[in-house]
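In what follows, a structure is listed as structure tokens, so that the remarks can point back to it.
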Amino acid sequence: MELERHAYDVVVVGAGGAGLRAAIAAHEAGARTAVVCKSLLGKAHTVMAEGGIAAAMGNAWPEDGWRVHFRDTMRGGKMLNHWRMAQIHAQEAPDRVRELEDWGALFDRTPDGLISQRDFGGHRYARLAHVGDRTGLELIRTLQQRTVALGVDVFMECTVTRLLTDDEGVTGAFGYWRESGRFVAWEAPSVVLATGGIGKAYKVTSNSWEYTGDGHSLALQAGAGLVNMEFVQFHPTGMVWPPSVRGILVTESVRGDGGVLRNSAGNRFMFDYIPDYFRKETAETEDEADRWYDDKKNNRRPPELLPRDEVARAINSEVKAGRGSPHGGVFLDIATRRPAEYVRRRLPSMYHQFKELADVDITAEAMEVGPTCHYVMGGVEVDPDTAAASVPGLFAAGEVAGGMHGSNRLGGNSLSDLLVFGRRAGAAAAEHAAKRAGVVALAEEALADAARAALAPFEREGGENPYTVQLDLQQTMHDLVGIIRTAPEMEQALARIAALRERVAALSVEGHRQYNPGWHLALDLPHLLLVSECIARAALAREESRGGHTRDDFPATDPEWGRTNLVCTRTADGGVTVARQPLPQMPPELAEVFEEGT
Ligand code: FAD
């Protein structure tokens with residue numbers, strides 16, 4: 001078998017914010033480090049991030065601090081977050097933002113010259129450091145330049161299809177060059193997964209083609225657990241029209257900067273959907289909500305800025321009640337609320353996105369928006385301090401890791417998560433590799449097996465086209481494991497997923513190994529199916545509604561479930577099993593934060 005071979009201390013799979021930050025940390029700790037990514041360097045999902053990075057720097061509000069950020073994050077996640085991750089995240093995010101600035105990132109400024117911070121849903125104070133609505137671009141540009149300048153090796157347009165392990169833990173990874181189809185293997189005692197999310201399991205999503213859950217699936221197959229996979233975030237505002245752009249994100253900054261949601265009767269319906277849990281901190285009248293933009297001390301926040309799960313469910317209900325917009329969404333109006341010049345300056349990407357893709361001038365008319373699958377809170381179960389998974393030598397950071405965001409992520413908390421835990425994962429991976437230097441080796445039989453599995457779709461004839469199977473899976477997840485869930489529908493989804501697995505096992509692809517997208521999708525599909533099964537199984541098991549998981553048949557939030565995590569692991573026959581695990585309890589001095597009313 002023709003195989004390109006490399007040896008490193010640390011291999012990072014994924015070149016988004018988490019992967020690049022991990023690679024920088026591993027390199028700085030003295031590890032020989034490589035980054036592998038499916039697409040071109042710089043094209044990771046992180047580049048699409050618009051609104052900003054949440055960090056309690058206190059630039060807009062001196063009252064802000066890590067304890068308030070910690071509290072907001074836990075409350076936003078409906079207290080199911082791993083408390084230690086939320087604590088580390090809140091404490092370290094400001095340093096990670098300042099460090100980015102030291103490395104050359106240019107953030108928007110306050111009139112005093114400090115890094116400007118903007119409002120976002122669920123954050124008590126304005127705390128998102130931003131660069132217009134193109135924050136992810138600046139973040140990735142900065143990290144990418146540093147990675148390359150440090151001399152980290154980058155394998156781009158290269159997909160990892162398997163993790164390699166022995167009885168002691170990780171030994172490396174196996175993959176293929178997308179352009180030539182040739183195989184490549186990396187021997188390494190430490191692998192950091194930073195592969196992002198699972199959005200392509202759903203029909204309507206803000207995610208790009210890369211988000212096929214590869215890292216989730218690779219970790220599961222290597223023996224790690226996936227925690228709380230039932231929690232999938234549907235962002236309330238994706239584009240709904242024209243069909244070709246359905247799902248593309250409309251940033252929350254539109255609401256942070258004054259935009260409001262209206263139904264077909266022109267009503268600001270979010271006032272009808274304020275849950276008791278957030279009533280104390282949410283404005284009761286339109287007047288109070290509007291005053292908040294200018295006087296945040298003496299007024300409460302508009303209900304449009306409730307956490308995403310609340311807003312997405314409200315939109316879903318309005319549409320179902322027949323009060324939606326012509327194309328099945330609701331209206332997001334900033335045109336009547338802010339001057340055109342303000343909108344163009346604060347939201348340049350949104351202005352162009354609507355102008356070019358939908359022929360809508362958002363300074364003159366309302367946008368049509370609706371929920372879109374955006375983010376997965378569930379992911380690889382990791383140690384909070386080191387990002388280590390249960391398999392020795394395996395680490396996970398960024399969207400692929402679980403625990404940090406509980407049942408619902410607050411906007412802006414992903415970019416900070418990537419930096420905080422990417423750095424920790426890279427450093428811990430380097431430390432682990434130093435202990436295992438010179439003792440790992442790749443087993444020839446495992447390499448041959450990985451190659452055989454990758455080539456199998458070429459060997460079969462008369463099978464289905466991978467695109468048809470992907471569409472059927474996306475429709476299944478959309479219809480049966482979407483925003484509102486019931487047991488019979490999820491049981492139906494699991495039966496369909498089982499049938500889809502058989503279809504995937506019989507897939508065949510045409511042509512040869514040189515740049516063959518059909519073959520690439522055939523190799524991604526088993527990952528997508530495995531994570532979809534985890535989502536459906538965990539969602540069926542959790543008999544309550546919380547954050548990004550709403551059960552029509554169990555509408556209440558149940559305190560007992562609030563102490564319970566669900567962990568998916570692989571069974572010997574290749575299936576998935578879900579087990580309950582007690583939620584780690586926070587120490588009393590942290591629990592006090594919730595009594596302080598900070
Ligand atoms: P990514 O940035 O997606 O990187 C994943 C990497 O893994 C890619 O390089 C990919 O090529 C690689 N990869 C995947 N599978 C493989 C494989 N098998 N082999 C090799 N490489 C692989 N969050 C915020 O905090 N603030 C925001 O304002 C914000 N705005 C957003 C706007 C949009 C439109 C979207 C979609 C998301 C937004 N988010 C935001 C969420 C945030 O951007 C993502 O959660 C975050 O960027 C994920 O980063 P990551 O490093 O985990 O993964």
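For reference, positions follow the sequence shown, starting with 1. Read the numbers this way: they start at 1 and go in the same order the structure lists the ligands and their atoms. Given the structure is predicted, the values throughout are model-derived calculations rather than measurements.
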Test item: T171 and E187 side chains (from C-beta on) under 4.5 Å apart, heavy atoms: no
Does an N or O anywhere in [X] fall below 3.5 Å from an N or O of ligand 1?
X    : value
G17  : yes
E399 : yes
G411 : no
G398 : no
G412 : yes

Is there a heavy atom of [X] sitting under 4.0 angstrom from any atom of ligand 1?
X    : answer
R409 : yes
H374 : yes
V400 : no

Just to be sure I'm reading this right: ignoring hydrogens, which of K38, E252, R118 gets closest to atom 16 (C) of ligand 1? Compare them by their nearest heavy atoms. K38
Nearest heavy atom to atom 15 (N) of ligand 1 wins, so pick from V376, D133, D214, L419. D214
Considering the heavy atoms of Y375, write down every atom of ligand 1 situated less than 4.0 Å from one of them. 45 (O)
Heavy atom under 4.0 Å from ligand 1: found in [X]'s side chain, backbone, both, or neither?
X    : answer
V160 : both
C158 : backbone
K43  : neither

Taking atom [atom1] of [X] and atom [atom2] of [Y], what is their separation to the nearest 0.5 Å?
X    : Y    : atom1 : atom2 : answer
R178 : H520 : CZ    : NE2   : 5.0 Å
F421 : D385 : CZ    : CG    : 8.5 Å
Q470 : L528 : CD    : CG    : 6.0 Å
N207 : H374 : CG    : NE2   : 7.5 Å

With ring pair (Phe, Tyr, Trp, His ring centres under 6.0 Å) as the test, would you mind laying out the steps for F155 and H6 before giving the verdict? CA-CA 11 Å; F155 296 76; H6 300 273; 4.7 Å; yes
Return the residue, atom name and 0.1 Å-rounded distance of the protein heavy atom closest to atom 3 (O) of ligand 1. H45 CB, 2.6 Å
So which heavy atom in the protein is nearest atom 42 (C) of ligand 1, and how far is it from that ligand atom? S414 OG, 3.5 Å
Between F234 and Y202, what is the ring plane arrangement, given parallel below 30°, perpendicular above 60°, and tilted in between? perpendicular
Anything under 30° is parallel, anything over 60° is perpendicular, the rest tilted; go ahead and classify F458 against W519. tilted
Is it the case that the side chain of R338 and the backbone of D257 share a donor-acceptor pair, with hydrogens and angles ignored and the cut-off at 3.5 Å? yes
